[in-house]
Q: 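Following this message is one structure expressed as structure tokens.
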Amino acid sequence: MILSICTISFRHQLISIEQLAHWAQANHFQGIELWGTHAKNLSSEPDYNQAWLATYGLKTTMLSDYLPLHASEPELRQQVELMCRLANHWGAKKIRTFAGKLASEQTTTEQFNSLVSALQQSCDWLAQYGLNLIIETHPNTFADTVAATQQLFAAVARDNLQLNFDVLHVWESKADVIPALEILKPYINHFHLKNVSSADLLDVFAPATVYSASGSREGIVPLFEGAVNYQSFLRYVNQHADSQIRNMEASLEWFGDHSKAILTRDRYLIQQLQQSSQSYSSQAG
């Protein structure tokens, strides 16, 4: 697995991209998932780019943004093309967004058709830059269940529409995570990895809470200490027969306090589990 940090984890800290790159390299991460807001803010300093990041042995695995899919076509295209230029600057091959702002059960047929059209247009614009559009499994968007996600991908029917399989949010939808992975495998191009202490505290990931500097962090826990069984999930991924799953790009998406300490520890434990899985596979072979 190719593992990244998310710059959004440091959204409320006074820390530079240079400090982050140095720290990510020192802790054996392979990439950075760059928050769209950070990419826009860094555009005034063009020396920070793909080549600069490569000097740390890192790459930009994804730009994470929020495309205005319900805006007018000119407004949407302007934002898409801005993100495409930023993605090329950083060497990213994919741009993350959400499948609207309504849960699948709340979406009318007219709203669904509008969402599909906007995603098709966005994919076609991204294709001109050789980029992929990544939809994230997430509550209160159309991609909130396995079935709805399948329906959306079938309707959009674009090869460069792919999926960020957010393990926690798939679990939150009441799906069994590993069977869901197999069902959605044809679309998956990224994993988001985070955990919560209890399903009762899932609201801690609501945008209004996460993006607030004073928002609650209760329930946000290290990867291997929460309700989602990441030991089982990552062992399954590490031993998967499909090399694309074994070598998937993934991000540790941490929204809590003490970012460096938690991410360092989780990265170490993921590495230990991967080495253990490789040793098991070698013995089994």
Side-chain angles (χ1 to χ4, degrees), residues 1-69 78-98 122-123 125-126 129-138 160-166 188-194 205 207 210-211 213 248-256 259-260 262-264 266-267 270:
M1 195 159 50
I2 298 167
L3 199 62
S4 296
I5 63 166
C6 298
T7 64
I8 197 173
S9 296
F10 303 88
R11 65 205 176 283
H12 301 308
Q13 299 178 38
L14 191 62
I15 186 168
S16 70
I17 187 66
E18 194 162 349
Q19 289 172 305
L20 282 180
H22 179 78
W23 175 79
Q25 178 193 45
N27 286 279
H28 309 290
F29 286 92
Q30 295 136 303
I32 287 180
E33 179 183 322
L34 187 60
W35 194 23
T37 299
H38 290 154
K40 293 171 189 173
N41 289 337
L42 287 167
S43 62
S44 62
E45 301 183 64
D47 288 343
Y48 291 121
N49 56 21
Q50 177 183 6
W52 169 80
L53 196 58
T55 65
Y56 291 89
L58 298 167
K59 66 176 182 176
T60 307
T61 51
M62 186 160 68
L63 257 60
S64 292
D65 199 58
Y66 318 93
L67 298 180
L69 297 174
Q78 182 181 30
Q79 180 68 6
V80 168
E81 292 191 344
L82 170 61
M83 294 310 299
C84 286
R85 291 193 297 272
L86 291 172
N88 281 349
H89 180 77
W90 285 97
K93 296 300 182 185
K94 47 195 175 185
I95 295 171
R96 192 286 320 262
T97 194
F98 294 109
S122 299
C123 285
W125 294 327
L126 265 73
Y129 291 82
L131 300 174
N132 298 314
L133 182 62
I134 308 298
I135 292 298
E136 182 167 325
T137 52
H138 203 281
N160 66 329
L161 182 69
Q162 296 172 347
L163 185 67
N164 177 24
F165 187 93
D166 186 303
I188 298 173
N189 193 324
H190 206 93
F191 291 141
H192 264 179
L193 311 175
K194 58 179 177 285
F205 293 110
V210 161
Y211 297 131
M248 186 66 64
E249 291 181 343
S251 303
L252 276 174
E253 195 182 31
W254 175 254
F255 289 114
S259 300
K260 285 186 175 180
I262 298 298
L263 290 168
T264 297
D266 279 351
R267 174 70 184 101
I270 289 171

Q: State, yes or no, whether a side-chain contact exists between Leu252 and Phe29 at a heavy-atom distance under 4.5 Å.
A: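 Yes, at least one pair of side-chain atoms sits under 4.5 Å.
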Q: Do the two ring centres, one from Tyr129 and one from Trp125, sit under 6.0 Å apart?
A: no
Q: Which pair of heavy atoms, one from Cys123 and one from Leu161, lies closest together, and at what distance?
A: SG-CB, 3.7 Å
Q: Tell me the closest heavy-atom pair linking Gly36 and Asp65, and the distance in Å.
A: CA-OD1, 3.7 Å
Q: Are Met83 and Lys40 packed together at the side-chain level, in the sense that at least one heavy-atom pair is separated by less than 4.5 angstrom?
A: yes
Q: When you look at Leu193 and Asp166, which way does the side-chain contact (heavy atoms from CB on, under 4.5 Å) test go after all the steps?
A: CA-CA 6 Å; Leu193 311 175; Asp166 186 303; over 6 Å; no
Q: Is a side-chain N or O of Lys94 found less than 3.5 angstrom from the main chain of Asn189, in a donor-acceptor match?
A: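 Yes, Lys94 side chain to Asn189 backbone: donor-acceptor pair under 3.5 Å.
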Q: What are the two closest heavy atoms between Tyr66 and Arg96, and how far apart are they?
A: CE2-NH2, 3.4 Å
Q: Indicate yes or no: does Lys59 engage Glu33 in a salt bridge with an N to O separation below 4.0 Å.
A: no
Q: Does the cation-pi check pass for Lys194 over Phe255, that is, NZ or CZ under 6.0 Å from the six-membered ring centre and within 45° of its axis?
A: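 Not flagged: Lys194 not positioned over aromatic ring of Phe255.
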Q: Can you tell if the side chain of Ile5 reaches within under 4.5 Å of the side chain of Glu253, non-hydrogen atoms only?
A: no
Q: Between Ser259 and Phe10, is there a donor-acceptor pair closer than 3.5 Å when you use the side chain of the first and the backbone of the second?
A: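 Checking the backbone N and O of Phe10 against the side chain of Ser259, no donor-acceptor pair under 3.5 Å is found.
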Q: Using a 4.5 Å cut-off on heavy atoms from C-beta on, say whether the side chain of Arg11 contacts that of Val210.
A: yes
Q: Between atom SG of Cys6 and atom CD1 of Ile32, what is the distance when rounded to the nearest 0.5 Å?
A: 10.0 Å
Q: Working to the nearest 0.5 Å, report the span between SG of Cys84 and CD1 of Ile95.
A: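 Reported to 0.5 Å precision, the distance equals 4.5 Å.
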Q: Is the backbone N or O of Leu133 less than 3.5 Å from a side-chain atom of Asn160, with the two atoms forming a donor-acceptor pair by type?
A: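 Such a contact is absent between Asn160 side chain and Leu133 backbone.
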Q: Would a 4.5 Å heavy-atom cut-off, applied to side chains only, mark His38 and Ile17 as touching?
A: no
Q: I want to check something: taking the side chain as every heavy atom from C-beta on, are Gln162 and Ile135 in contact at a cut-off of under 4.5 Å?
A: no
Q: Can you tell me if CD on Gln13 sees more than 12 non-hydrogen neighbours from other groups inside 6.0 Å?
A: yes
Q: Can you check whether Ser4's main-chain N or O pairs, donor with acceptor, with Ser251's side chain at less than 3.5 Å?
A: no
Q: Which pair of heavy atoms, one from Asn41 and one from Ser44, lies closest together, and at what distance?
A: O-OG, 3.4 Å
Q: Is there a side-chain contact between Asn164 and Thr137 (heavy atoms, below 4.5 Å)?
A: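 No, every pair of side-chain atoms sits at 4.5 Å or beyond.
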Q: Quick one: CD on Glu249 to NZ on Lys93, what's the gap to the nearest 0.5 Å?
A: 11.0 Å
Q: Taking all heavy atoms of Trp35 and all of Ser64, pick out the closest pair and write down the distance.
A: CD1-O, 3.5 Å
Q: Kindly state whether the ring of Tyr48 and the ring of Trp90 have centres lying under 6.0 angstrom apart.
A: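 Ring centres of Trp90 and Tyr48 not closer than 6.0 Å.
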Q: Closest heavy-atom contact between Phe98 and His138?
A: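 Closest approach of Phe98 to His138: CE2-CD2, 3.4 Å.
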Q: With no hydrogens and no angle check, is any side-chain donor or acceptor of Thr60 less than 3.5 Å from a backbone partner on Ala92?
A: no
Q: Is there a side-chain contact between His192 and Phe165 (heavy atoms, below 4.5 Å)?
A: no
